[in-house]
Amino acid sequence: MDIFKPADILLPKNEDFSKWSVVACDQYSSEPEYWKTAAEYVGDAPSTLNIIFPEAYLNDGDGDARIKKINETMEKYIKDGIFAEYPSSLIYVERTQPNGKVRHGIVGEIDLEYYDFSKGSQSAVRATEGTIISRIPPRQKIRKDAPLELPHILMLVDDRRNEIVEPVTARASELTALYDFELMQGGGHIKGMLLDDAAKKAVLDGIHRLEDRADFEAKYGVKDKETLVIAVGDGNHSLATAKTCWEEIKKSLTEEEQKNHPARFALVELMNLHDEALEFEPIHRVIFGVDPHAILASLYAYYPQISETDNGGQKIVITYQGEEKTIYITDAPSNLAIGTLQKFLDEYLASNDGEIDYIHGADVVRSLSQKDGTIGFIVDGMEKNDLFTTVIKDGSLPRKTFSMGEACDKRFYLEAKKI
């Protein structure tokens, strides 16, 4: 199986990379001032900021005009020849995060035929969290007429023998440098190098070894599960959107045309789950437009076993208007506190006013929850080494369970591919 393979990667030739590259569109969604500052910094320079749709603006009412402008700008960038193309390439990436830790990845493309985001999927490429189907159509609208894709998708392999990314790291000084610059707004530093033929072969051989059925069963102690080779770490809904668009496109193609159509493949960055810099951070919840006391009364009624003293139950910190309390829930319906919380929130918001947002950073939750009509819920994170085993045995986790780092650690748009 060629699940992950080299791609025809586009990079700007003579542009200021620090202005070209911006953080993933789903970050700072409740902080439009971040995006305003980014726009001021970019100015008139070519930038991925001009060809993405920051989610902070999703409810502004100008979506169609914004999408039209995005597609026109993509076409202009292609026509103006700002890109250099690197055919059939893999790029090794070193990202120095704001905390000083360096994470390592390989940019290539995923074959969407091996990916299925549906509940209970047994595909070789699998979602790790529940996919919110309602979040796909707005993203599909953005992507369906776009001539380019730019990934903020991070994929994971459970490479316990360090045979895929780490050997490339050891040879990084021998590879051809493609970019090396500071990311905007405190995003850290990033370097990218073009893999040579030997490095490409080693990466692909390593992924093929992960497909071995006997090794898979021994590693996870299972007999009745299909092999999971690559899991989505970040950008689940972006990959699900790419898959949805591809399923529509392929309907009009012959089998021969489907084999190499560019929309069949999605550009991603592949990382080893065991990279020391990779940290799983919890994703918290903030609810806007509610009466905090009313939602709390409903929560306590929903889970009458709630205790405000530590009884070994699942821990949730609640904050609103300067008040803060910690609750513990025993006999919970989910293995994770966030799943237990989300079950209640889904049912509450289905029949009550209120808008939910998914927030990185407890301090941001506390700040946002100072406002009237707002309440925040803070949860602990999960252990990253449990990820593959949990997905294989139990299926995908509750949506927005974890984040790979804080908002400032997220992948920045940089490489592109024609679709």
Side-chain angles (χ1 to χ4, degrees), residues 1-18 20-21 48 82-111 150-183 187-212 229-230 233-234 265-279 404-405 409 411-417:
M1 294 188 288
D2 290 325
I3 299 172
F4 177 82
K5 68 188 192 73
D8 297 337
I9 299 175
L10 303 174
L11 284 170
K13 290 185 287 194
N14 299 305
E15 306 300 336
D16 183 343
F17 275 109
S18 66
W20 171 257
S21 188
T48 55
I82 75 165
F83 294 112
E85 184 175 61
Y86 297 86
S88 190
S89 294
L90 298 175
I91 296 176
Y92 167 67
V93 176
E94 286 186 352
R95 168 76 181 278
T96 303
Q97 299 174 166
N99 63 8
K101 293 185 177 181
V102 180
R103 70 174 193 242
H104 315 82
I106 307 289
V107 176
E109 62 186 18
I110 287 284
D111 187 341
L150 297 98
H152 72 260
I153 301 164
L154 288 172
M155 308 294 287
L156 298 171
V157 287
D158 187 5
D159 179 21
R160 301 176 186 181
R161 294 190 288 257
N162 298 331
E163 295 178 333
I164 297 172
V165 180
E166 288 75 10
V168 182
T169 301
R171 289 195 52 223
S173 62
E174 305 170 26
L175 304 177
T176 301
L178 296 177
Y179 51 78
D180 186 347
F181 64 97
E182 291 291 319
L183 295 162
H189 192 93
I190 192 164
K191 294 194 292 186
M193 288 141 273
L194 189 66
L195 270 65
D196 57 23
D197 288 342
K200 282 198 291 187
K201 183 178 186 304
V203 167
L204 300 178
D205 287 348
I207 292 172
H208 288 150
R209 283 192 290 274
L210 293 178
E211 299 168 9
D212 184 87
V229 181
I230 299 174
D234 215 352
F265 306 93
L267 204 59
V268 301
E269 181 179 342
L270 187 74
M271 293 184 62
N272 187 2
L273 176 68
H274 304 286
D275 189 312
E276 291 183 1
L278 184 58
E279 298 176 342
M404 289 172 26
D409 301 325
R411 194 171 203 285
F412 276 55
Y413 298 108
L414 182 48
E415 303 87 358
K417 181 179 78 70

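Quick caveat: nothing in here was measured; it's all calculated off a predicted structure.
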**Student:** Would you say the side chain of I153 lies within less than 4.5 Å of the side chain of I110, judging by non-hydrogen atoms?
**Tutor:** no
**Student:** May I ask you to decide if P87's main-chain N or O and S89's side chain share a donor-acceptor pair within less than 3.5 Å?
**Tutor:** yes
**Student:** Counting distance only, does the side-chain N/O of S18 pair as donor-acceptor with the main-chain N or O of L183 below 3.5 Å?
**Tutor:** no
**Student:** What's the spacing between D159 CG and I230 CD1 if we round to 0.5 Å?
**Tutor:** 11.0 Å
**Student:** How long is the straight-line distance from CZ of R161 back to CD of E166, given to the nearest 0.5 Å?
**Tutor:** 12.5 Å
**Student:** Who pairs with F412 by ring pair (Phe, Tyr, Trp, His ring centres under 6.0 Å), at least two apart in sequence or on another chain?
**Tutor:** none
**Student:** Please determine if E279 and K101 form a salt bridge, counting it only when a charged side-chain N lies under 4.0 Å from a carboxylate O.
**Tutor:** yes
**Student:** Tell me the closest heavy-atom pair linking K417 and F265, and the distance in Å.
**Tutor:** NZ-O, 3.0 Å
**Student:** Quick one: CG on L195 to NZ on K201, what's the gap to the nearest 0.5 Å?
**Tutor:** 13.5 Å
**Student:** Tell me, do V168 and L90 make a side-chain contact under 4.5 Å, heavy atoms counted?
**Tutor:** no
**Student:** Search all heavy atoms of E94 against all heavy atoms of A172 and return the closest pair with its distance.
**Tutor:** OE2-CB, 4.2 Å
**Student:** Got a sec: does the CZ of R160 have more than 12 other heavy atoms crowding it under 6.0 Å?
**Tutor:** yes
**Student:** Using every non-hydrogen atom in the two residues, find where Y92 and L175 come nearest and quote the distance to one decimal.
**Tutor:** CB-CD1, 4.5 Å
**Student:** How long is the straight-line distance from CG of L194 back to CD1 of I91, given to the nearest 0.5 Å?
**Tutor:** 6.5 Å
**Student:** If I compare all heavy atoms of G105 with all of M271, which pair ends up nearest, and what's the gap?
**Tutor:** CA-CG, 4.2 Å
**Student:** Look only at the side chain of N272 and the backbone of V165, and say whether a donor-acceptor pair between them is shorter than 3.5 Å.
**Tutor:** no
**Student:** Could you measure the distance from the CD1 atom of I190 to the CD atom of Q97? Nearest 0.5 Å is fine.
**Tutor:** 10.5 Å
**Student:** List the atom of A198, the atom of R171, and the distance in Å for their closest heavy-atom pair.
**Tutor:** CB-NH1, 4.2 Å
**Student:** I would like to know whether I207 and L270 meet side chain to side chain contact (heavy atoms under 4.5 Å, CB included); could you show each step before the answer?
**Tutor:** CA-CA 11 Å; I207 292 172; L270 187 74; 3.6 Å; yes
**Student:** Can you name the closest pair of heavy atoms from F17 and L414 and give their distance?
**Tutor:** CD2-CD1, 3.6 Å
**Student:** Under the side-chain contact (heavy atoms from CB on, under 4.5 Å) test against I164, which residue among D205, V157, L204 passes?
**Tutor:** V157
**Student:** Can you give the donor-acceptor pairs under 3.5 Å from side chains of residues 2-10 to other protein atoms, not counting sequence neighbours?
**Tutor:**
residue, atom, partner, partner atom, Å
K5, NZ, E109, OE2, 2.9
D8, OD1, S88, N, 2.8

**Student:** Evaluate the ring planes of W20 and F83, with Trp represented by its six-membered ring, and classify them as parallel (under 30°), tilted (30 to 60°) or perpendicular (over 60°).
**Tutor:** perpendicular
**Student:** Is the closest side-chain heavy-atom distance between Y179 and S21 below 4.5 Å?
**Tutor:** no
**Student:** Any non-hydrogen side-chain atom of L154 less than 4.5 Å from a side-chain atom of R103?
**Tutor:** yes
**Student:** Got a donor-acceptor contact below 3.5 angstrom from the R411 side chain to the D234 backbone?
**Tutor:** no
**Student:** Check ring pair (Phe, Tyr, Trp, His ring centres under 6.0 Å) between H104 and all other residues, then give those that pass, not counting sequence neighbours.
**Tutor:** none
